[in-house]
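Note that the numbering runs from 1 along the sequence shown for the chain. Counting starts at 1 for both ligands and their atoms, following the listed order. Everything numeric in this text was worked out from a predicted model, so none of it was measured.
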Amino acid sequence: TPKGTCLESVKIAIDTGYRHIDGAFVYFNEHEVGQAIREKIAEGRIKREDIFYCGKLWNTCHPPELVRPTLEKTLKILQLDYVDLYIIELPMAFKPGDAIYPRDENGKFIYHETDLCATWEAMEACKDAGLAKSIGVSNFNRRQLEMILNKPGLKHKPVSNQVECHPYFTQPKLLEFCRQHDIVIVGYSPLGTSRDETWVNVSSPPLLKDTVLNAIGKKYNKTAAQIALRFNIQRGVVVIPKSFNPQRIRENFQIFDFSLTEKEMKEIEALNKNVRYVELLM
Ligand code: A2P
């Protein structure tokens, strides 16, 4: 995003009422997010404890000895003392080093063999040190979650798993498994993401054009985006919509003044196509 856009957007979001901010080192804007939070604290609008900041451990930092220094680097960029949630961004590891996407001479990703359970133990140590209030994962499937849950000597289980989740990709099986284990699903791309062909599977139709979502929206005088978000929060899935547009930032927050009927929830659930927008082919 252009310089300053993220700073302004986070400030508008906080003024609007958002408190959960989903960030990552690899978004390269944590300095602006941190600045926005600190400015709003200085203004007296919020206290640090009102904010729920989620940071992420990138693929090149899975070796256990890199976990804490990587989180410390994020905290230094944010200029905050702790994150509320720190998560393993993806289950696969890349070769450690300066290259965020390390590739060989043929353009293939260079992976790295690590033990996710050892990475998890280093995450636990970050929580114990007070650098992260809670720890979780992202893009983990059931098998990968089970590896952590069944780890001998597990000290802290993952509190959340951030995965793609919206009416065209409702995650019924993973959601049920996570419910059984008290793991919160945080749904990314809750609006069906952008239509950027470089990383989005655009062969799946745009979510916000969906006729069912738009028809239900008409009834409540809401947009398809608001219906998609309301659907997920109403079934206990956390949503992290992304927008850099002030009007849409506000729109995406106007979802607490109505509720969908059970029939409408079922109708939206039936839209599931089991197709991802974000295929993460790496
Ligand atoms: P913009 O930043 O111009 O608002 P997701 O959260 O699923 O990843 O979707 C993000 C995409 O959806 C961005 O391209 C964003 O663009 C757009 N977007 C965000 N909020 C809305 C909304 N209420 N209506 C339509 N598009 C939206």
Side-chain angles (χ1 to χ4, degrees), residues 1-24 26-29 32-33 36 52-54 56 87 89-90 138-139 160-171 175 184-235 237-258 260 268 271-281:
T1 51
K3 200 164 165 268
T5 306
C6 177
L7 170 68
E8 280 316 306
S9 300
V10 174
K11 288 202 286 186
I12 291 168
I14 291 174
D15 286 343
T16 303
Y18 289 82
R19 294 296 178 259
H20 177 179
I21 301 171
D22 183 72
V26 284
Y27 302 162
F28 300 109
N29 56 16
E32 293 191 18
V33 177
F52 186 90
Y53 184 80
C54 168
K56 305 191 186 91
I87 62 181
E89 188 157 354
L90 286 148
S138 180
N139 295 301
S160 60
N161 184 20
Q162 185 180 130
V163 293
E164 178 172 342
C165 192
H166 48 72
Y168 284 176
F169 196 66
T170 55
Q171 299 270 23
L175 184 56
V184 174
I185 291 268
V186 178
Y188 69 69
S189 304
L191 302 172
T193 201
S194 64
R195 306 286 293 172
D196 182 341
E197 281 181 45
T198 59
W199 59 281
V200 174
N201 167 20
V202 290
S203 65
S204 187
L207 178 70
L208 300 184
K209 294 251 156 67
D210 185 85
T211 49
V212 172
L213 295 181
N214 281 283
I216 296 175
K218 217 166 179 188
K219 172 177 159 193
Y220 294 102
N221 201 17
K222 296 284 176 188
T223 62
Q226 290 168 320
I227 301 299
L229 297 176
R230 178 73 209 183
F231 162 71
N232 259 339
I233 61 162
Q234 208 168 305
R235 63 190 195 129
V237 172
V238 174
V239 286
I240 44 172
K242 179 182 76 179
S243 178
F244 292 111
N245 171 291
Q247 195 191 323
R248 288 192 283 277
I249 290 172
R250 292 188 193 104
E251 176 184 323
N252 296 340
F253 201 73
Q254 303 307 314
I255 57 170
F256 303 107
D257 57 357
F258 75 110
L260 299 165
I268 301 173
L271 298 175
N272 185 26
K273 295 176 192 290
N274 260 326
V275 175
R276 294 167 198 273
Y277 286 114
V278 185
E279 293 177 303
L280 292 171
L281 297 176

>> With side-chain contact (heavy atoms from CB on, under 4.5 Å) as the test, pick out the partner of Y168 among I268, D210, L213.
In response: D210
>> If I apply the N/O under 3.5 Å rule, does I240 come out as touching ligand 1?
In response: no
>> For a side-chain contact (heavy atoms from CB on, under 4.5 Å) check, start with the C-alpha distance between Y27 and V33, then their side-chain angles and the critical distance, and finish with the verdict.
In response: CA-CA 10 Å; Y27 302 162; V33 177; over 6 Å; no
>> Among S194, C165, P190, G187, which one puts a heavy atom closest to atom 14 (O) of ligand 1?
In response: S194
> With the threshold set at 4.0 Å, does a side-chain nitrogen-carboxylate oxygen contact exist between R248 and E251?
Replying inline: no
>> N252 vs L191, test: side-chain contact (heavy atoms from CB on, under 4.5 Å). Steps then yes/no.
In response: CA-CA 10 Å; N252 296 340; L191 302 172; 3.9 Å; yes
> Considering only heavy atoms of P241, which atoms of ligand 1 have at least one such atom less than 4.0 Å away?
Replying inline: 6 (O)
>> Using a 4.0 Å cut-off to any heavy atom of A225, which atoms of ligand 1 qualify?
In response: 22 (C), 23 (N), 24 (N)
> Between T223 and ligand 1, is there a nitrogen or oxygen pair with a distance under 3.5 Å?
Replying inline: no
> Mind checking whether K242 has an N or O less than 3.5 Å away from an N or O of ligand 1?
Replying inline: yes
> In terms of atom number and element, which parts of ligand 1 are under 4.0 angstrom from non-hydrogen atoms of S189?
Replying inline: 5 (P), 7 (O), 8 (O)
>> Under a 4.0 angstrom heavy-atom cut-off, which atoms of ligand 1 come close to L208?
In response: 24 (N), 25 (C), 26 (N)
> At what distance is the nearest protein heavy atom to atom 8 (O) of ligand 1, and which residue and atom is it?
Replying inline: T193 CA, 3.3 Å
> side chain to side chain donor-acceptor pair (under 3.5 Å) with Q226: which residues, sequence neighbours excluded?
Replying inline: T223
> By number and element, which atoms of ligand 1 are closer than 4.0 Å to a non-hydrogen atom of G192?
Replying inline: 7 (O)
>> As a check for students: among R248, R195, Q247, identify the option with a heavy atom nearest to atom 1 (P) of ligand 1.
In response: R248
>> Using side-chain contact (heavy atoms from CB on, under 4.5 Å), reason through V275 and F169 one step at a time and then give a plain yes or no.
In response: CA-CA 6 Å; V275 175; F169 196 66; 5.5 Å; no
> Hey, is the main chain of T170 close enough, under 3.5 Å, to the side chain of N272 for a donor-acceptor pair?
Replying inline: yes
> How about F52 and R19: do any of their side-chain heavy atoms sit closer than 4.5 Å?
Replying inline: no
> Of the choices V278, N252, T5, which has the non-hydrogen atom that lies closest to atom 20 (N) of ligand 1?
Replying inline: N252
>> Suppose I only count heavy atoms of N245 and a 4.0 Å limit; which atoms of ligand 1 are within that range?
In response: 4 (O)
> Closest non-hydrogen protein atom to atom 2 (O) of ligand 1, residue and atom name please, with distance?
Replying inline: F244 N, 2.9 Å
>> I'd like to know whether V237 forms a side-chain contact (heavy atoms from CB on, under 4.5 Å) with Q171, so could you lay out the CA-CA distance, the side-chain angles of the two residues, the decisive distance to 0.1 Å, and finally the verdict.
In response: CA-CA 10 Å; V237 172; Q171 299 270 23; over 6 Å; no
